[in-house]
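This report refers to the structure that appears directly beneath it.
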Number of protein chains: 2
Amino acid sequence: MTQKNEKKVGILLERSTRITKLTFIKAFKKIDADITPEQWVILDSLYKENGQTQTDLCQKAYKNKPTISRIIDITCEKKYTKRKNFDGDRRKLKIFLTAKGTKLVEKCAPEIEALRDLSWKGLSNQDYNTFCKVTDQLFKNFSSYE
Amino acid sequence: MTQKNEKKVGILLERSTRITKLTFIKAFKKIDADITPEQWVILDSLYKENGQTQTDLCQKAYKNKPTISRIIDITCEKKYTKRKNFDGDRRKLKIFLTAKGTKLVEKCAPEIEALRDLSWKGLSNQDYNTFCKVTDQLFKNFSSYE
DNA sequence: AAGGAATAGTTGTCATGACAACTAATTTAC
DNA sequence: GTAAATTAGTTGTCATGACAACTATTCCTT
């Protein structure tokens, strides 16, 4: 394991995550979409399944509740989403994409698709599968830390 | 490529990055070290090579200049680092670890080492190599976007 | 030598992410 | 039925990260 100890998982992940996010930022700017990568994650999730609770969104996006709440504040302000009461449980809210939000998602989808294609260029299905395996295992390994 | 398009690189990276960072936060708390993961990256870099410029640190950490400047503001306030003038170029500063900073790095090192070991548990050298290859390729792929 | 371009670092602003704490509502245990 | 525990979402605070803009300094071009 000595060879691996020369490489830090953190820096590899940070680097990749950062440039991925930066590239998404550029893409949105390129198509003149007023949205951040993080907001996109939420809107895209709602596009697939509209009317989710904030807790649903948290879990899907691996984000914490305060962060989700704040992102939704902003997407509501931009009129991309709307908060509605959840029938049967007064604590919960349902979050809906607006027509404006739906339009935006559809506008962005081709460019994001292109980004996805770009990201895996020069890599095989096997590479992808190993990447998934590694990220899953990292998640498991760190989930057990204390 | 249709299979891969079901999976988004962003979310995989985000998830892994987040839990990695969270685990580092827990580790520092566990050993009662007053430091964040991001600050650690800077201190560790200085431990290896003391007296670097901020730009050096930026490049090594894949962070932008304002962020580095702010992190160093805080590490200076905590007395872990000190800014000094760079002989021969009045624009530049050299950043040094203090004795307190050095002590902190040495205090943290075993736990961070243990985290490193934990992170790769259940994964092979081959997995690691593929992970590196994938993250490098992602970096390259996105660096070419526009 | 002079002026333009590039560089090092800083400041402002906004967004996101972590933790802690809180309120209100629901669920669980007795 | 009641009280304790848990849950959904919000607010506060601090740290980080992005972009834009800025000042001072150095480098490059003419």
Side-chain angles (χ1 to χ4, degrees), chain A residues 10 13-30 34-43 52-59 61-78 80-81 83-95, chain B residues 10 13-30 34-43 52-59 61-78 80-81 83-95:
Chain A
L13 286 171
E14 286 280 328
R15 189 175 76 153
S16 308
T17 301
R18 201 157 288 145
I19 198 155
T20 301
K21 196 173 294 185
L22 262 186
T23 307
F24 272 72
I25 290 171
K26 283 188 198 163
F28 291 131
K29 188 168 181 180
K30 179 176 163 187
D34 174 24
I35 187 168
T36 63
E38 292 85 12
Q39 291 162 21
W40 166 258
V41 169
I42 301 304
L43 294 193
Q52 291 182 63
T53 63
Q54 286 178 203
T55 303
D56 291 334
L57 293 169
C58 284
Q59 284 166 0
Y62 301 99
K63 290 178 191 290
N64 72 22
K65 288 181 178 175
T67 302
I68 290 287
S69 191
R70 290 187 171 117
I71 292 174
I72 292 168
D73 286 345
I74 296 171
T75 60
C76 283
E77 224 180 277
K78 289 180 178 178
Y80 297 150
T81 60
R83 281 182 171 110
K84 289 187 179 172
N85 295 322
F86 190 102
D87 294 330
D89 189 337
R90 304 221 0 235
R91 298 172 301 180
K92 294 186 180 182
L93 297 167
K94 278 183 175 180
I95 315 298
Chain B
L13 285 171
E14 284 279 336
R15 189 176 76 152
S16 307
T17 301
R18 200 157 290 144
I19 197 156
T20 301
K21 196 173 295 186
L22 261 188
T23 308
F24 272 72
I25 291 171
K26 281 188 199 164
F28 291 130
K29 190 169 179 178
K30 179 176 163 186
D34 173 24
I35 188 168
T36 65
E38 292 83 11
Q39 291 162 21
W40 164 259
V41 169
I42 301 304
L43 294 193
Q52 291 181 64
T53 63
Q54 286 179 203
T55 303
D56 291 334
L57 294 168
C58 284
Q59 283 165 0
Y62 301 100
K63 292 176 189 291
N64 71 23
K65 287 180 179 177
T67 304
I68 289 287
S69 190
R70 290 189 171 116
I71 292 174
I72 292 166
D73 284 347
I74 297 170
T75 60
C76 283
E77 222 179 278
K78 288 178 177 180
Y80 297 150
T81 60
R83 280 181 171 110
K84 291 188 179 173
N85 294 324
F86 189 101
D87 294 329
D89 188 336
R90 304 220 3 230
R91 297 172 305 182
K92 294 187 182 182
L93 297 168
K94 277 184 175 181
I95 314 299

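Residue numbers begin at 1 in each chain, while the letters A, B, ... track the order of the sequences. Below, all heavy atoms of this structure are taken into account, side chains as well, without hydrogens, waters or symmetry copies.
- Taking 4.0 angstrom as the limit, Lys65(A) places none of its side-chain polar atoms (N or O) nearer than this to OP1 or OP2 of dG9(D).
- Among the atoms of the strands shown, only primed sugar atoms or phosphate atoms (P, OP1, OP2) are found under 4.0 Å from some heavy atom of Asp89(A).
- Contact annotation for Lys92(B): backbone-only contact, meaning every heavy-atom pair under 4.0 Å involves sugar-phosphate atoms and none involves a base.
- Rounded to whole Å, the distance from CG on Asn85(A) to C1' on dA24(C) is 13 Å.
- For Thr36(B) and dA18(C), the shortest distance from a side-chain N or O to OP1 or OP2 is not below 4.0 Å.
- For the pair Ser69(A) and dG9(D), the criterion of a side-chain N or O lying under 4.0 Å from OP1 or OP2 is not met.
- Counting only heavy atoms from C-beta outward, the side chains of Thr53(B) and Leu93(B) never approach each other to under 4.5 Å.
- Thr17(B) places no side-chain N or O within 3.5 Å of a backbone atom of Glu14(A) that could act as its donor or acceptor partner.
- For the pair Pro66(B) and Lys78(B), nearest-nucleotide mapping onto DNA chain D gives the more 5' position to Lys78(B).
- Rounded to a whole Å, the NZ atom of Lys63(B) is 14 Å from the C1' atom of dT16(C).
- Looking at Arg15(B), its side chain has no donor and acceptor atom pair within 3.5 Å of the base of dG17(C).
- Between Tyr62(B) and Ile19(A) the shortest side-chain heavy-atom distance does not fall below 4.5 Å.
- Judged by distance alone, with hydrogens and angles left aside, the side-chain atoms of Thr20(B) form a donor-acceptor pair with the main-chain N or O of Ser16(B) at under 3.5 Å.
- Between dG17(C) and Arg18(B), a contact under 4.0 Å exists linking OP1 or OP2 to a side-chain N or O.
- Residue Asn64(A) places no side-chain N or O under 4.0 Å from the OP1 or OP2 atom of dG17(C).
- Between Arg83(A) and Asp73(A) a salt bridge is recorded (basic side-chain N to carboxylate O distance below 4.0 Å).
- Whole-Å rounding puts the Lys21(A) NZ to dA15(C) C1' distance at 10 Å.
- Counting non-hydrogen atoms under 4.0 angstrom, Thr67(A) reaches a base of the nucleic acid.
- Checked by atom type and distance alone, the side chain of Thr75(A) pairs as donor or acceptor with a backbone atom of Ile72(A) at under 3.5 Å.
- In this structure, Leu22(A) reaches the sugar-phosphate backbone alone: every heavy-atom distance under 4.0 Å involves primed, P, OP1 or OP2 atoms, never a base.
- The base of dT7(C) lies close enough to the side chain of Arg91(B) for a donor and an acceptor atom to sit less than 3.5 Å apart.
- Within 4.0 Å (heavy atoms only), Lys29(B) reaches sugar-phosphate atoms of the nucleic acid but no base atom.
- The CD-P distance, from Gln54(A) to dT11(D), rounds to 11 Å in whole Å.
- For the pair Thr53(B) and Gly88(A), both in contact range of DNA chain C, the more 5′-proximal nearest nucleotide belongs to Thr53(B).
- Look at CD on Glu14(B): it is 10 Å from C1' on dT16(C), rounded to the nearest Å.
- Within the nucleic acid shown, Ile71(A) comes within 4.0 Å of sugar-phosphate atoms alone, with no base atom in reach, counting heavy atoms only.
- One interatomic measurement links the two molecules: CD1 of Ile74(A) to C1' of dT13(C), which rounds to 13 Å at whole-angstrom precision.
- Rounded to whole angstrom, the span from the CG atom of Leu93(B) across to the P atom of dT26(D) amounts to 12 Å.
- At whole-Å resolution of the value, CZ in Phe28(B) and C1' in dA15(D) are 14 Å apart.
- Heavy atoms of Arg70(B) sit under 4.0 angstrom from at least one base atom.
- Not one side-chain nitrogen or oxygen of Arg83(A) sits closer than 4.0 Å to the OP1 or OP2 atom of dA8(D).
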